[in-house]
Number of protein chains: 2
Amino acid sequence: MTDSTPISSIGEFGLIEKIRSIVEQSLPEGEVDTSPEGGFIGIGDDAALFQPRPGRSILLTTDVAVEGIHFDLTYTSLRHLGWKAMVANLSDIAAMGGEPRYAVVTIVLPAKITVEMVEDLYIGAYQACREYGCRIVGGDTSTSLGNMMISIAMVGDVAGKPFRRADAQVGDLLCVSGYVGSAHAGLKILQREKQRFLESRGENGFRPNLEPYKDVIERHLMPRPQFDLARALRRAGVHAVIDVSDGISSDAHRIAESSHVGMEIIEEDLPIHPVAREVAAEFGDSAVDYALFGGEDYELLFTIPREAFDTLQAREVTVALPAVSVIGRILDGEEGLTLVSRTGTRGMLPAGGWDHFSH
Amino acid sequence: MTDSTPISSIGEFGLIEKIRSIVEQSLPEGEVDTSPEGGFIGIGDDAALFQPRPGRSILLTTDVAVEGIHFDLTYTSLRHLGWKAMVANLSDIAAMGGEPRYAVVTIVLPAKITVEMVEDLYIGAYQACREYGCRIVGGDTSTSLGNMMISIAMVGDVAGKPFRRADAQVGDLLCVSGYVGSAHAGLKILQREKQRFLESRGENGFRPNLEPYKDVIERHLMPRPQFDLARALRRAGVHAVIDVSDGISSDAHRIAESSHVGMEIIEEDLPIHPVAREVAAEFGDSAVDYALFGGEDYELLFTIPREAFDTLQAREVTVALPAVSVIGRILDGEEGLTLVSRTGTRGMLPAGGWDHFSH
């Protein structure tokens, strides 16, 4: 049985002390400059302070996760939530070709959230930071009369030219890393098993059946930012880059609009995991829809000239990188965005993606 | 009658376009470097990008405001809310001796919030940015199943040594700018008039009686960061600085703990506005309690050697700065924190301040 200490019993300042003890663990020496010259002050002053690294530009991003909209505590552990909230920000930094440096974490907590749950949340956030070379340097806390919320802002930096959505060029290949649609497939399973659990009313020793789906569930609960691939893309000479947070379709439209280009996406070439295909089949859904509109895969969608792509593929032999799939190509702006189906018919690629205000 | 367009009718991307048109208005030329060399990309890419200014350290802070905890939409206009949420961050940058540069704004919106309300919120936030030389460069939006929330993160920079809580020295004077307790007095009036309005049930043409209290209500709704004073403090040679966000008592304790010093505060010397005294009297409260525990005044609390204080006062003749009051002095750490009453009795200064999790 886990302890469950109400936050009111230790107060805001007690809670901040607990958080401090988690996030002030040092990173391995050399990973982050915490020397006095590095100018890092840390949690406690009015703002965190650090030195910019010579010759680098600064990146600033933020991402919020709201209970009932982005996560459901029935099937999301606080540790996964902390990890994923941090990864949403890390992935933005990766998609700009940057390196993460510092994060501030704001949590808004209803009374049901215990001290132990907050500790778990910060452990997850801390683990993601530690794995990718970031550091939590402050934040804010508040109670909530409604739902729980976690809002993270992250500063990174970039040496040389950042990756931009606006840099796609006609003739580029359109590529994506890893698998797309997996996170959405994982979500569908978690939602179904929650529903079954509620309907069982705890009778008959109901246990959710998650094992066959663990490849896609993990992609929903514990996505990873693609820093290694981003570094390889820089060396190879990538053009436009974006992370797949809202689904291939929505993110492809963003590149197209920013770069004033058209695109052709070949449905058959979308990399969909076999388990995601199975899940879609179980629900009578289209697996292609999961890939195009599902979102939260945090893969990189990018455009790259053919010769740079060949360079990238050659490197893949020596460095362990996620697989990269060519899913289409960049056309003139007048061509619009086209989806080529398995049967060869060409249709307009719908702009849809996850829109929180319309669903 | 104001328009009230539901956000669902324009969707998340329509809303972002509306926000973009507000925050992408240019600042007066020269105030912020928006040239391509300045490297500013703006809203739309995965992260905002900018160049650090040579020789400066970077500051990062964040502050959240939650409906029902930090604000009440019955008596807070969206424009005031946007302004104040931005000022909470600006004030942190001022208290570090820095200059604000860029902000990311995250809003979590229940269905009752209309497009026009969001526009008002951003106009208020934009106005605070414009007045103090900051720029909104991104953010995130989400629906909420519960209350409204606004979370802002801000990057600033500082030339030379930042102000720190840890720099108080024995023998320093303890000073505060402007008035303390005013914001809390304003809040008390707004809460009372809301209650009266609810009790009137709209009968008898009830109108809230706010005019006599406008000095303190404005301090609650539209506080100001103290950048001019912070610059003068730097020139004069200030030691520790903090902004009064949680009340003099709580913030004085933070300086004392960080600097390992004791303090003596003279109750009689606390600068309390006459209207705040009147409000406290109306409620049968202690005006000193408002000053010590009220919070949200966003004045600067600082420690400064006597000779530096004299320099500061001399400068005040030529530059329009808020009044500064000496409210005590810094003692050895063993002395603890003492409050000297009007009758000369010495008591321990309670550490209390606004604790969201205990109230």
Side-chain angles (χ1 to χ4, degrees), chain A residues 7-8 10-13 15 39 41 44-52 56-64 66-70 91-93 95-96 98 102 104 106 108 137-147 149 151 153-156 158 162 164-165 242-243 258 355-358, chain B residues 7-8 10-13 15 39 41 44-52 56-64 66-70 91-93 95-96 98 102 104 106 108 137-147 149 151 153 155-156 158 162 164-166 242-243 258 355-358:
Chain A
I7 293 170
S8 57
I10 62 168
E12 184 171 6
F13 303 112
L15 184 67
I41 291 184
D45 240 282
D46 290 294
L49 177 88
F50 59 92
Q51 293 297 337
R56 295 192 178 216
S57 305
I58 309 283
L59 298 165
L60 174 62
T61 188
T62 190
D63 208 271
V64 67
V66 180
E67 185 184 0
I69 308 291
H70 300 88
S91 182
D92 283 332
I93 300 291
M96 296 289 286
Y102 299 104
V104 285
T106 293
V108 178
V137 296
D140 199 4
T141 58
S142 172
T143 38
S144 168
L145 301 178
N147 288 355
M149 196 219 55
S151 172
M154 188 176 285
V155 161
V158 56
R164 295 182 50 177
R165 298 173 182 183
I242 193 171
D243 70 325
S258 299
D355 182 337
H356 296 128
F357 293 96
S358 303
Chain B
I7 293 172
S8 57
I10 63 167
E12 183 171 6
F13 303 113
L15 184 67
I41 292 183
D45 240 283
D46 290 295
L49 178 89
F50 59 92
Q51 293 296 337
R56 295 192 178 215
S57 305
I58 309 282
L59 298 165
L60 175 63
T61 188
T62 190
D63 208 90
V64 68
V66 179
E67 185 184 0
I69 308 291
H70 301 87
S91 182
D92 283 332
I93 300 292
M96 297 289 286
Y102 299 104
V104 285
T106 293
V108 178
V137 295
D140 199 5
T141 57
S142 173
T143 38
S144 168
L145 301 178
N147 289 353
M149 194 219 57
S151 171
V155 161
V158 56
R164 295 182 49 177
R165 299 172 183 185
I242 193 170
D243 70 325
S258 299
D355 182 336
H356 296 127
F357 293 96
S358 302

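Letters A, B, ... are given to chains in the order of the sequence lines, protein chains preceding strands, and every chain is numbered from 1.
Between chain A and the residues B:G156, B:A153, B:S151, the most heavy-atom pairs under 4.5 angstrom are made by B:S151. Looking only at heavy-atom pairs under 4.5 Å with chain B, the residue among A:I58, A:D63, A:T62 that has the most is A:I58.
When all heavy atoms of B:Q51 and A:R56 are compared, the pair lying nearest together is OE1-O, 4.1 Å. Counting all heavy atoms, side chain and backbone alike, A:I69 lies closest to B:S142 at CG2-OG, 3.7 Å. Shortest non-hydrogen contact noted between B:N147 and A:G146 is ND2-N, 4.4 Å. A:P52 and B:S57 get closest at one heavy-atom pair: CD-CA, 4.1 Å. The two atoms that bring A:D46 and B:M96 nearest to each other are N-SD, 3.8 Å, heavy atoms only.
When the side-chain hydrogen bond (donor to acceptor under 3.5 Å, both in side chains) test is applied to A:D92, the partners found at least two apart in sequence or on another chain are A:T61. Legend: residues meeting side-chain hydrogen bond (donor to acceptor under 3.5 Å, both in side chains) with B:T106, ordered by chain and number and at least two apart, are absent.
Residue contact with chain B, scored on non-hydrogen atoms closer than 4.5 Å, involves the side chain of A:M149 exclusively. The parts of A:V64 that come within reach of chain B are both its backbone and its side chain, each placing non-hydrogen atoms under 4.5 angstrom from that chain.
Here the side chains of A:V66 and B:T143 are not in contact, with every heavy-atom distance at 4.5 Å or above.
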